[in-house]
**Q** 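Structure in structure tokens, see below.
Quick note on labels: first sequence line is chain A, next is B, and so on, each numbered from 1.
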There are 2 protein chains.
Amino acid sequence: MGGEGHHDCRLDHCHGGGLGEHPATPELTNRLRRKSRRVTGARQAILNLLRTQSHPISIRGIFERLPQGDCDLATVYRSMHLLEGMEMVKRYEFGDGVARFELLRDGDDGHHHHLVCTRCASVVEIEECGMGQLEERMAAAYGFAAVTHKLEFFGICPRCQGV
Amino acid sequence: MGGEGHHDCRLDHCHGGGLGEHPATPELTNRLRRKSRRVTGARQAILNLLRTQSHPISIRGIFERLPQGDCDLATVYRSMHLLEGMEMVKRYEFGDGVARFELLRDGDDGHHHHLVCTRCASVVEIEECGMGQLEERMAAAYGFAAVTHKLEFFGICPRCQGV
DNA sequence: ATTCAGATGCAAATCATTTGCAATTAGTAT
DNA sequence: ATACTAATTGCAAATGATTTGCATCTGAAT
């Protein structure tokens, strides 16, 4: 397989259109190839955008931040499904009926939570979570398998308290 | 699925006649009056139906279980908003894009969680939750106020594992 | 019975998300 | 490069959950 050779990223493979400046990461390329999926400009653009975000972002948010005309809204939806299936992004739901996504970085299983301000929607990333034990206890007590959880915190951020 | 019913014997307060076949609880009446809202047949019917459910139920689910013609789907939506605002029901989101509601019984602050089967959607009610401390720590660490949380567990129930 | 703000039914409108389909393109073989 | 084929995309229309405008109706106070 791959080996330690120099990996070429075929950046020079752009045909006109508006998608010129989206370098593909070998990460993306590898994962896509593994499923005989294609490295398209839209996917690269989306992934590059996600790389600049430090908090979950909605699909509409992604679409609006993409250089206009870069790709269709439906394509963003389809891409996010694909990326989610490939475990390159993680989906969050904060209860407002809009899904938000975060890039899963190398070696990150994406297990963390959020503290969301119910007034201004600002977000703090929370690392700690003592749920592992509870999950196990739950599995034992009710016979469930593959127990996971979703945990999000809500409150009023310092700035909003002042208002 | 759970056969664990819940007895709530307040049905004896039927001021029969006049208002149709949906006895109002003094609880409902009081809370509504306090906000100059009206005790209508639809609201009574919905609340009575919720009283028979032991797990969160969707608005469509409520609508379909209501005697045909009892009320409009839009009315169920409106009623649930009202009841939620009056803290008589609690809203849950399990991530499938459909809100579900549970009746908040007397003296119940509704603080509990669920273990949801990702295959058959059966639900187990979970009482324990060691989040109180975490909430406090979170408030202290990030300066947030009124910190609450949403926590739900997902897994594969015993029956589905056998398949 | 009268009155009127709050409720409801019904249909149309929103919003997020999905999907059908014809046109386009990435990756690969020629 | 050229050709070829399946994966992708754009666009529009379809879904599905939830909301809303509006004319009509009703609860409850007088």
Side-chain angles (χ1 to χ4, degrees), chain A residues 8-20 22 24 28-46 56-64 66 68-86 91-101, chain B residues 15 17-20 22 24 28-47 57-64 66 68-86 91-101:
Chain A
D8 179 13
C9 289
R10 68 188 65 208
L11 301 184
D12 43 331
H13 209 288
C14 4
H15 316 227
L19 297 169
H22 300 298
L28 173 62
T29 305
N30 289 336
R31 298 218 201 188
L32 284 173
R33 293 266 167 78
R34 222 175 286 148
K35 297 197 170 196
S36 66
R37 257 47 212 287
R38 289 172 183 169
V39 181
T40 68
R43 288 166 188 175
Q44 294 171 55
I46 291 172
I57 180 175
S58 70
I59 285 188
R60 177 143 244 116
I62 293 173
F63 177 65
E64 285 168 357
L66 245 29
Q68 16 137 321
D70 236 26
C71 81
D72 190 78
L73 183 60
T75 296
V76 184
Y77 273 98
R78 286 190 272 230
S79 295
M80 297 318 290
H81 274 300
L82 179 71
L83 293 173
E84 190 185 4
M86 297 195 317
R91 171 191 302 258
Y92 292 96
E93 330 234 357
F94 293 159
D96 62 352
V98 188
R100 274 159 237 262
F101 297 83
Chain B
H15 53 55
L19 286 174
H22 302 296
L28 173 63
T29 304
N30 289 337
R31 298 219 200 188
L32 283 173
R33 293 265 168 78
R34 223 174 286 148
K35 298 198 169 197
S36 65
R37 259 44 213 287
R38 290 174 182 166
V39 182
T40 67
R43 289 167 187 174
Q44 295 172 54
I46 291 172
L47 222 46
I57 181 174
S58 70
I59 285 188
R60 177 143 245 115
I62 293 172
F63 177 65
E64 286 168 357
L66 244 28
Q68 5 120 331
D70 236 28
C71 82
D72 190 77
L73 183 60
T75 297
V76 184
Y77 274 99
R78 286 190 271 231
S79 295
M80 296 319 290
H81 274 299
L82 179 69
L83 293 173
E84 190 185 5
M86 297 195 318
R91 171 191 303 258
Y92 292 96
E93 330 234 357
F94 294 159
D96 61 353
V98 188
R100 274 161 239 261
F101 297 83

**Q** How many whole angstroms separate atom CE of A:M80 from atom P of C:dA16?
**A**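 Nearest whole value for this atom pair: 16 Å.
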
**Q** Please examine the side chains of A:R78 and A:L82, heavy atoms only from C-beta on, and report whether any two atoms are closer than 4.5 Å.
**A**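 A:L82 vs A:R78: side chains apart.
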
**Q** Round to a whole Å and report the spacing from CZ of A:R91 to C1' of C:dA16.
**A**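 Roughly 11 Å, once rounded to whole Å.
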
**Q** Using a 4.0 Å heavy-atom cut-off across all strands, classify A:R43 as base, sugar-phosphate, or nothing.
**A**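 Sugar-phosphate: the residue A:R43, judged by heavy atoms under 4.0 Å, touches backbone atoms but no base.
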
**Q** Given D:dA29, C:dA7, D:dG10, which nucleotide is nearest the side-chain atoms of B:T40?
**A**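 Within the option list, the nearest is C:dA7.
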
**Q** Rounded off to whole Å, could you give me the OH-to-P distance for the A:Y77 and D:dG16 pair?
**A**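 In whole Å, D:dG16 P lies 16 Å from A:Y77 OH.
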
**Q** Hey, what do you get for OG (B:S79) to CD (B:E84), rounding to the nearest 0.5 Å?
**A**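 It comes to 12.5 Å.
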
**Q** If the cut-off is 4.0 Å, is B:H81 near the phosphate of D:dT18, judged by side-chain N/O to OP1 or OP2?
**A**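 No, because none of the side-chain N or O atoms of B:H81 sits under 4.0 Å from OP1 or OP2 of D:dT18.
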
**Q** Rounded to whole angstroms, how far apart are CZ on B:R60 and P on D:dT15?
**A**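 Going from CZ in B:R60 over to P in D:dT15 covers 14 Å.
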
**Q** Just the rounded figure in Å: distance from P of D:dA7 to CG of A:L82.
**A**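 The answer, rounded to whole Å, is 12 Å.
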
**Q** Using a 4.5 Å cut-off on heavy atoms from C-beta on, say whether the side chain of B:I46 contacts that of B:M80.
**A**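 Result yes, sub-4.5 Å side-chain heavy-atom pair found.
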
**Q** Looking for any heavy atom pair under 4.0 Å, which part of the strands does B:S58 touch: base, sugar-phosphate only, or nothing?
**A**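 Counting heavy atoms under 4.0 Å across all strands, no contact is made by B:S58.
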
**Q** In whole Å, I'd like the distance from the CG atom of B:D72 to the P atom of D:dC22.
**A**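 To the nearest whole Å, that distance equals 18 Å.
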
**Q** Specify the residue among B:R37 and B:V98 whose closest nucleotide of DNA chain D lies further upstream toward the 5′ end.
**A**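 The answer here is B:V98.
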
**Q** Where do A:K35 and A:M86 land on the side chain to side chain contact (heavy atoms under 4.5 Å, CB included) test, with the steps shown first?
**A** CA-CA 9 Å; A:K35 297 197 170 196; A:M86 297 195 317; 4.3 Å; yes

**Q** Whole angstrom is fine here: how far is it from CZ in A:R38 over to C1' in C:dT24?
**A**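 Rounded to whole Å, this separation is 11 Å.
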
**Q** Identify, between B:L73 and B:R78, the residue whose nearest nucleotide on DNA chain D lies closer to the 5' end.
**A**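 The residue mapped nearer the 5' terminus is B:L73.
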
**Q** Is the shortest side-chain heavy-atom distance between A:R43 and A:L83 below 4.5 Å?
**A**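 No, every pair of side-chain atoms sits at 4.5 Å or beyond.
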
**Q** Rounded to whole angstroms, how far apart are CD1 on B:I62 and P on D:dT18?
**A**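 To the nearest whole Å, that distance equals 10 Å.
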
